[in-house]
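Below: the structure, in structure tokens.
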Amino acid sequence: MNYILALDQGTSSSRAIVFDQSGQVISSAQLEFSQIYPQSGWVEHDPLEIWRSQLHTAQQALKKAHLSAAQIQAIGITNQRETTVLWDRRTGQPVYNAIVWQDRRSEPLCAQLRDQGHETVIFEKTGLRIDAYFSATKIAWLLQQPALRQLAEEGHLAFGTVDTWLLWQLSNGQVHCTDTSNASRTLLYNIHTQQWDDELLALFDIPANLLPQVQPSSSLFAEANAEHLGHAVPIYGVAGDQQSALFGQACFKAGMAKNTYGTGCFMLMHTGSTIEQSQNGLISTCAAQIDSAPAYALEGSVFVAGAVVQWLRDGLDAFTHSAEIEQLALSVPDAGGVMFVPAFTGLGAPYWQANARGTITGLSRGTTMAHIARAALESIAFQSSALLEAMAKDAAQTGAPALSELRVDGGASQNNLLMQFQADLLGLPVVRPTLIETTALGAAYLAGLGCGIYADPSEIEALWRVDRVFEPQLSRDVVAERLAQWQKAIRQTCVE
């Protein structure tokens, strides 16, 4: 039996999963790490804690599986995207905390770039919007510190998204590399030429020597040094978490789409070898790339999805465990007119309202925590529905086939109430696979392709299995009324 170790470095925890070649989980380990909030709108992680937690889970997963590293054919890495790490090449030590994708500190720089009229050229080259979400303005913010600017100019600094940071650590500083999917999230990578773009580097005033080498998502990146796992293991797969999930869902063909329900919510539709530039508030991005042939996707990002459940749990003490929200929400027949827009860090696609903040509307004397919990769950589905509507409009404008189903994954996809409401809003079947940890699975599949366990993607496609299909039940008239209420709530949220 062939075994693959997937390292899944997420926003709130690090996980490691051992898969066999049929895509079955043999063992897993997970460890949460610290979330650092220096001030309002700022979110940071300790890069060394990320590394230690990821290494620990890898060691624990192997131990639970009763396997040695010598029995692992390959490692695949998937990671929280856009999160920015700078470290000193000479010591391997970070020079600042990791600035997380949710962080909004560089919004003033984004506003300045928009005012200067750079939006069109950036969108055309990268497929992305000017937003603090992406890596470039985070790097630029860091390089405003004179000491870091000097180190950068002297060639002593290295930049990486989290995958690059882990590759550096696993290889003991021998490899400074990333894949196309992560590179395409930086605002510095030209998705047409598949290269770092000199014009964009000059615009953001970022020295090219900071940047990692870019290669296909399924290829030999590095070798994990024997001191970390007990035996050297090749790393054959790397992809940003959402592109990895698209791959793990076997969405290999243009027109196939998935939605991942995690800390945020991310809907991707594969567009094949064609870059579809959205006219409806979405972004274009590189999909996981298995060889030199480019692959692309349309993406919509919801900044706060599962995080709203964490906020109810930790901020309002509404329940003890996140899974309890479903029973609390089911204790009332509906949300009682409550609408919850969880714009804690602004609104992402398709709204792109950086200054929006969370609101709860429709409160009455009869409102209970159960109504708010139900509205919180519904907010995840409402935001995702807006993404699919934008995708449908883009598809219609390009003549692409209409979406026939939505494949779902991520922790919150286990919530049956949420999935049923999602199907009702979309008017489409929502299909949940037997394995919802498709982010880690995608990384494992990419590594398996790279090392030859799988001959081609068709072998992976044959492994995909359905757990449950949620069919729409609400009438379209009722859905239209609910969507109108949501749009009203959005307008209230976005008032300056």
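Computed from a predicted structure; not experimentally measured.
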(message) Testing the 3.5 Å rule here: is there a donor-acceptor pair between the side chains of D241 and N79?
(response) no
(message) Taking the basic N atoms (NZ, or NE/NH1/NH2) and the acidic carboxylate oxygens, is any pair closer than 4.0 Å for E32 and R15?
(response) no
(request) Give the intermediate values and the outcome of ring-ring contact (aromatic ring centres under 6.0 Å, His included) for residues Y261 and F266. (result) CA-CA 7 Å; Y261 298 80; F266 302 89; over 10 Å; no
(message) Main chain of L200, side chain of K125: is a donor-acceptor contact present, judged purely on distance under 3.5 Å?
(response) no
(message) Just verifying a value: how many Å separate E437 CD and T78 OG1, rounded to the nearest 0.5 Å?
(response) 11.5 Å
(message) Would you say Q80 and Q9 are linked by a side-chain donor-acceptor pair, where the criterion is simply a distance under 3.5 Å?
(response) yes
(request) Go through the steps to decide whether F159 and W165 satisfy the test ring-ring contact (aromatic ring centres under 6.0 Å, His included), and finish with yes or no. (result) CA-CA 8 Å; F159 153 73; W165 171 242; over 10 Å; no
(request) Answer whether the closest heavy-atom distance between the side chains of V18 and I4 falls below 4.5 Å. (result) no
(message) So, using side-chain hydrogen bond (donor to acceptor under 3.5 Å, both in side chains) as the criterion, who are the partners of Q112 when residues are at least two apart?
(response) none
(request) Verify the neighbour count for atom CD of Q150: are there more than 12 heavy atoms of other residues, nucleotides or ligands below 6.0 Å? (result) no
(request) Assess the pair F33 and H45: is the distance between their ring centroids shorter than 6.0 Å? (result) yes
(request) Return yes if a side-chain donor-acceptor contact under 3.5 Å exists between S135 and T186, otherwise no. (result) no
(request) Look at the side chain of E154 and the backbone N and O of H156, then say whether any donor-acceptor pair between them is shorter than 3.5 Å. (result) no
(request) For a side chain to side chain contact (heavy atoms under 4.5 Å, CB included) with L441, tell me which candidate from D8, D409, L435 qualifies. (result) L435
(message) So that I can tick it off, tell me whether R105 and D103 are bridged by a salt bridge, with the cut-off set at under 4.0 angstrom between side-chain N and carboxylate O.
(response) yes
(request) Go through the steps for Q93 and W87 under the test side-chain hydrogen bond (donor to acceptor under 3.5 Å, both in side chains), then give the verdict. (result) CA-CA 5 Å; Q93 292 295 303; W87 64 94; over 6 Å; no
(request) Output yes when R52 and E49 qualify as a salt bridge under the 4.0 Å nitrogen-oxygen rule, no when they do not. (result) no
(message) Any carboxylate oxygen within less than 4.0 angstrom of a Lys/Arg side-chain nitrogen, looking at D205 and R149?
(response) yes
(message) Counting the benzene-type ring for Trp, do Y3 and F19 have ring centres under 6.0 Å apart?
(response) no
(message) Quick one, N97 with D46, criterion side-chain hydrogen bond (donor to acceptor under 3.5 Å, both in side chains). Give me CA distance, side-chain angles, the key distance, then yes/no.
(response) CA-CA 5 Å; N97 276 339; D46 177 349; over 6 Å; no
(request) Output yes when E405 and K258 qualify as a salt bridge under the 4.0 Å nitrogen-oxygen rule, no when they do not. (result) no
(request) Quick one: list whatever passes salt bridge (charged side-chain N to carboxylate O under 4.0 Å, His left out) with E82, sequence neighbours left out. (result) R185
(request) Please check if the side chain of T178 supplies one atom and the backbone of T164 the other of a donor-acceptor pair under 3.5 Å. (result) no
(request) Under the side-chain hydrogen bond (donor to acceptor under 3.5 Å, both in side chains) rule, collect the residues that match up with Q116, sequence neighbours excluded. (result) H118
(message) Within 45 degrees of the ring normal and closer than 6.0 Å to the centroid, is that where the cationic atom of R491 sits relative to W486?
(response) no
(message) Ring centres under 6.0 Å, that's the criterion: do F344 and W311 meet it?
(response) yes
(request) Enter the distance from W101:CH2 to S301:OG here, rounded to the nearest 0.5 Å. (result) 8.0 Å
(request) Mind running ring-ring contact (aromatic ring centres under 6.0 Å, His included) on Y454 and Y445 for me, showing each step along the way? (result) CA-CA 8 Å; Y454 311 110; Y445 283 156; 5.6 Å; yes
(request) Examine W51 together with H228 and report whether their ring centres are nearer than 6.0 Å. (result) yes
